[in-house]
Amino acid sequence: MANLNGKKGNNKKAIIIGSIVAVVVLAGIAIYFFIQNQHKDEKNALAAAETFTSNIAKEKYDKLGNSVSSESLKKVEFTKKEMEEKYQAVYDGIGAKDIKVKNLKSVYDDKENKFNLTYELEMRTSLGKLATQKYKTTISKQDDDWKIDWKPALIFPGMVKTDKVRMTEDDAERGQIVDRNGKPLATTGQFAEAGVVPSKLGEGDEKVKNIADISKKLEVSTDYINKQLDQKWVQADSFVPLVTLNKDKLPEATGLTYAQKEMRTYPLNEATSHLIGYVGEVSAEDIEKNPKLSVGDVIGKSGLERYYDKQLRGKNGGAIKIINDQTKQEDTLQKIDKKDGEEIKLTIDADVQKKAFDSLGSETGAVTMINPTNGELLALVSTPSYDANQMVLGITSEDYAKYNDDKRLPFLARYANRYAPGSTFKTITATIGLDTGITKPDKVREISGLQWQKDASWGKYFVTRVHDVPKVNMTDALVHSDNIYFAQEGLEIGKDKLTAGLKKFDFDKEYNLPFTMKPAQISNDGLNSEILLADTSYGQGELLMSPIQQAIAYSAIANDGKMPYPKLDTKEKAGKETQATEAASANQVKAALVKTVSDPAGTAHALQIQGHNIAAKTGTAELKEKQGEDGLENGFVYAFDADNPNYLMVGMIENVKGRGGSGLVIDKLKPVIESMYK
């Protein structure tokens with residue numbers, strides 16, 4: 001019996017152990033599947049959260065409904081479409097962009113059988129970067145999928161269904177550009193915006209007739225007017241804007257009315273167009289280059305308006321608020337104080353600028369006025385010009401084409417464009433000659449006739465002059481503008497010394513000015529021939545200088561040999577001046593230029609002004625491919641007060657051949673110099 005009982009006991013133990021093992025195995029299997037399911041749930045819940053937030057970041061608001069639980073929408077009384085439209089309206093309304101999702105976390109809550117979701121959104125609005133917004137909600141299982149439990153607070157934290165998001169903008173005022181005396185060159189002006197009120201146009205044939213009348217008087221097409229009237233927002237009593245006009249041009253017609261509008265305006269208009277430029281609404285390309293810009297923003301399109309745009313534009317302000325019209329509660333989401341644009345004060349003198357522009361009249365030319373003692377630019381004028389105010393108001397493609405197709409290039413700023421300087425340049429050669437000791441005031445060159453060449457190796461090439469003077473010194477050569485004298489001096493100076501001397505006058509140097517201007521050029525590839533060296537010495541050859549560069553270089557003659565660094569912005573520190581030539585050399589040349597005006601036989605005698613000691617030099621630069629050809633001529637003159645050098649003017653007129661040469665330039669621009677004494 002004992003043996004039998006022991007066997008039975010062992011069987012019981014085996015059964016118990018087997019049962020335990022089975023339970024453990026089953027439990028292990030259950031735990032395994034539980035863990036696997038939990039991992040799967042975590043993965044799917046996180047995927048739902050990532051899809052939802054990713055669509056927000058990509059601004060795909062119409063895709064959000066697919067990630068949201070139906071039960072949560074019922075609780076807050078939203079349909080999927082309403083929820084998606086709410087995002088679209090709010091985020092578009094505040095200009096939300098560059099949306100980024102940060103710190104997205106999904107943690108399982110075993111008590112609620114849900115996942116707790118937290119994440120942050122960073123974004124920019126029309127007012128700039130918004131403070132990081134922190135969100136929290138849950139993710140619930142809907143059928144076999146995990147969905148976001150949505151609520152209005154997921155648009156912005158704290159929002160409820162009846163809340164609205166409103167943005168108010170406080171536009172910064174664009175800074176003025178003013179002259180040295182505070183006179184506005186670019187400012188805000190009052191204009192009349194012409195528009196129509198649909199209900200006042202009548203019906204049928206009467207409406208067609210009235211639109212045709214408005215079309216004719218405003219010089220816009222009837223198609224354009226009808227297109228404006230067909231916009232979705234237009235109601236019977238809406239004011240539908242068409243064009244903006246100067247207040248002195250306000251035609252009348254049935255249905256036509258006006259609203260006041262502030263816009264950028266340019267008091268001197270054409271007289272400063274090349275320098276000041278104009279503004280306009282941003283293009284898609286502008287926004288692509290600068291994502292901080294938005295549709296409707298006004299920026300500088302050309303000239304100083306473009307160069308100083310950031311300072312002039314300032315920063316717009318405003319506020320974004322969550323407002324509940326029922327409770328009257330307001331919560332400020334973002335608030336930015338506006339910062340008006342800076343005022344840019346130029347060294348330009350508006351009166352001198354206008355006088356120079358008017359004096360050039362219909363000529364194609366330029367005037368640069370500088371203070372030779374400190375480099376302040378007093379006038380920068382180019383003709384022909386264009387209507388900057390018309391650009392702002394809205395120029396038609398036809399009118400723009402007229403400018404663009406004009407062979408006289410009205411968009412070209414000639415004061416910064418390079419030309420052969422002609423005989424005015426002889427003053428620079430004279431100072432280099434004096435500095436090197438080659439040129440001496442009492443040195444006389446005997447020259448026969450009106451043509452000269454060094455020797456037969458020059459072939460058919462001759463240097464020519466206007467006056468047959470047998471004995472010529474430096475003063476005579478400047479007074480009578482003798483090409484042969486300076487060609488001979490240049491050859492004696494030699495290419496190395498002449499080049500070194502010209503480098504002191506900032507050839508090949510770029511100036512830090514707020515517009516494009518290529519450096520002054522001595523030659524294309526070195527003074528590698530005697531003919532080129534000779535021609536360069538009297539202002540021809542391959543020399544290229546803009547009127548600004550000429551004015552800076554010639555300032556050394558008026559300023560004891562010191563050449564100032566040019567300055568246009570009064571806030572900028574004065575640049576370092578250069579001792580371009582010795583004071584004695586500059587003053588000897590200056591004395592000759594005084595005689596060029598005082599001597600009745602001098603080429604600039606017509607610039608004489610009673611009671612004032614004017615120094616001046618004239619010149620023409622002939623433009624032709626080879627000797628013997630009949631080329632165009634540009635006329636130049638530069639002048640300054642020898643006793644009180646507070647101005648130096650360089651004037652240029654294109655194509656003066658047969659019209660008086662440099663004498664035409666004097667006739668046109670003498671009133672500008674006279675105005676400096678009034």
Side-chain angles (χ1 to χ4, degrees), residues 349 351-361 363 365-373 378-379 381 383 415 419 421-428 430 466-467 474-482 539 547-548 550-559 586-621 633-654 656 659-678:
D349 187 311
D351 294 337
V352 177
Q353 181 86 10
K354 185 69 164 60
K355 186 68 177 179
F357 179 79
D358 291 344
S359 296
L360 279 175
E363 296 291 347
V367 173
T368 294
M369 186 82 78
I370 193 172
N371 183 324
T373 65
L378 305 175
V381 171
T383 57
Y415 52 77
Y419 300 86
S423 294
T424 55
F425 183 80
K426 292 169 184 173
T427 56
I428 302 299
V466 177
H467 302 283
M474 183 197 76
T475 299
D476 296 330
L478 287 171
V479 170
H480 300 296
S481 201
D482 195 310
I548 292 177
Q550 291 182 54
I552 297 165
Y554 302 151
S555 289
I557 311 298
N559 191 36
N587 290 328
Q588 286 171 353
V589 173
K590 179 168 70 173
L593 298 189
V594 169
K595 190 175 180 181
T596 304
V597 176
S598 63
D599 189 332
T603 56
H605 181 64
L607 279 176
Q608 192 171 43
I609 299 174
Q610 189 173 2
H612 299 285
N613 200 20
I614 309 297
K617 182 73 186 82
T618 61
T620 55
E633 286 184 359
N634 295 331
F636 292 89
V637 64
Y638 86 82
F640 59 91
D641 191 307
D643 297 329
N644 182 26
N646 59 358
Y647 75 87
L648 183 148
M649 183 195 75
V650 172
M652 183 276 298
I653 294 178
E654 294 182 9
V656 296
R659 300 196 299 133
S662 58
L664 174 66
V665 187
I666 290 176
D667 290 344
K668 288 286 184 180
L669 298 182
K670 185 177 181 179
V672 181
I673 295 174
E674 289 174 331
S675 71
M676 300 302 293
Y677 300 104
K678 293 180 181 178

Engineer: Is any side-chain heavy atom of Val466 closer than 4.5 Å to a side-chain heavy atom of His480?
Structural biologist: no
Engineer: Which heavy atom of Thr620 sits nearest a heavy atom of Val656, and at what distance?
Structural biologist: CG2-CG2, 4.5 Å
Engineer: Any chance you could measure Thr424, atom OG1, to Leu478, atom CG, to the nearest 0.5 Å?
Structural biologist: 11.0 Å
Engineer: If we only count heavy atoms from C-beta on, is the His605 to Asp599 side-chain gap below 4.5 Å?
Structural biologist: no
Engineer: Minimum heavy-atom separation for Val352 to Ala379, with atom names?
Structural biologist: CG1-CB, 3.9 Å
Engineer: Could you give the distance from CG (Asp667) to CD1 (Ile653), rounded to the nearest 0.5 Å?
Structural biologist: 9.0 Å
Engineer: Roughly how far apart are Leu607 CG and Ile673 CD1, rounded to 0.5 Å?
Structural biologist: 4.5 Å
Engineer: Look up atom NE2 in His612 and atom CD in Glu674, then write down how far apart they are to the nearest 0.5 Å.
Structural biologist: 9.5 Å
Engineer: Here's a test for you: under ring pair (Phe, Tyr, Trp, His ring centres under 6.0 Å), which of Tyr647, Phe636, Tyr638, Phe425 qualifies with Tyr554?
Structural biologist: Tyr638
Engineer: Starting at CD1 of Ile666, measure out to OG1 of Thr603 and round the result to the nearest 0.5 Å.
Structural biologist: 6.5 Å
Engineer: Looking only at the side chains, is there a donor atom on one of Ser481 and Ser423 sitting less than 3.5 Å from an acceptor on the other?
Structural biologist: yes
Engineer: Looking at side-chain heavy atoms only, is the closest gap between Leu669 and Leu360 below 4.5 Å?
Structural biologist: yes
Engineer: Taking side chain to side chain donor-acceptor pair (under 3.5 Å) as the test, write out the residues that go with Ser662, two or more places apart.
Structural biologist: none
Engineer: Please find the pair of heavy atoms, one from Pro421 and one from Gly539, that lie closest to each other, and give the distance.
Structural biologist: CD-O, 3.6 Å
Engineer: Ignoring hydrogens, what is the shortest heavy-atom contact between Asp643 and Asn613? Give both atom names and the distance.
Structural biologist: OD2-CB, 3.1 Å
Engineer: Taking all non-hydrogen atoms of both residues, which atom of Val672 and which atom of Ala356 are closest, and how far apart?
Structural biologist: CG2-CA, 3.7 Å
Engineer: Would you say the side chain of Ile552 lies within less than 4.5 Å of the side chain of Ile370, judging by non-hydrogen atoms?
Structural biologist: yes
Engineer: With a 4.5 Å cut-off on side-chain heavy atoms, are Glu363 and Leu664 touching?
Structural biologist: yes
Engineer: Using every non-hydrogen atom in the two residues, find where Val637 and Thr618 come nearest and quote the distance to one decimal.
Structural biologist: CG2-CG2, 3.9 Å
Engineer: Are Lys617 and Val589 close enough that some pair of their side-chain heavy atoms sits under 4.5 Å apart?
Structural biologist: no
Engineer: Restricting to side chain to side chain donor-acceptor pair (under 3.5 Å), what partner residues turn up for Lys595, sequence neighbours left out?
Structural biologist: none
Engineer: For Thr383 and Gly365, indicate whether the former's side chain and the latter's backbone hold a donor-acceptor pair under 3.5 Å.
Structural biologist: yes
Engineer: Under the side chain to side chain donor-acceptor pair (under 3.5 Å) rule, collect the residues that match up with Thr368, sequence neighbours excluded.
Structural biologist: none
Engineer: Decide yes or no for Val367 and Met649: does some side-chain heavy atom of the first lie under 4.5 Å from some side-chain heavy atom of the second?
Structural biologist: yes
Engineer: Walk me through whether Met652 and Val665 qualify under side-chain contact (heavy atoms from CB on, under 4.5 Å).
Structural biologist: CA-CA 7 Å; Met652 183 276 298; Val665 187; over 6 Å; no
Engineer: Any luck finding a side-chain donor-acceptor pair between Tyr419 and Gln550 under 3.5 Å?
Structural biologist: no
Engineer: Say you draw a straight line from CD1 of Ile428 to NZ of Lys426; how long is it, rounded to the nearest 0.5 Å?
Structural biologist: 13.5 Å
Engineer: Heavy-atom distance under 4.5 Å between the side chains of Asp641 and Met676, does that happen here?
Structural biologist: no
Engineer: Does a sphere of radius 6.0 Å around NZ in Lys590 hold more than 12 heavy atoms from other residues, nucleotides or ligands, not counting ones at 6.0 Å or beyond?
Structural biologist: yes
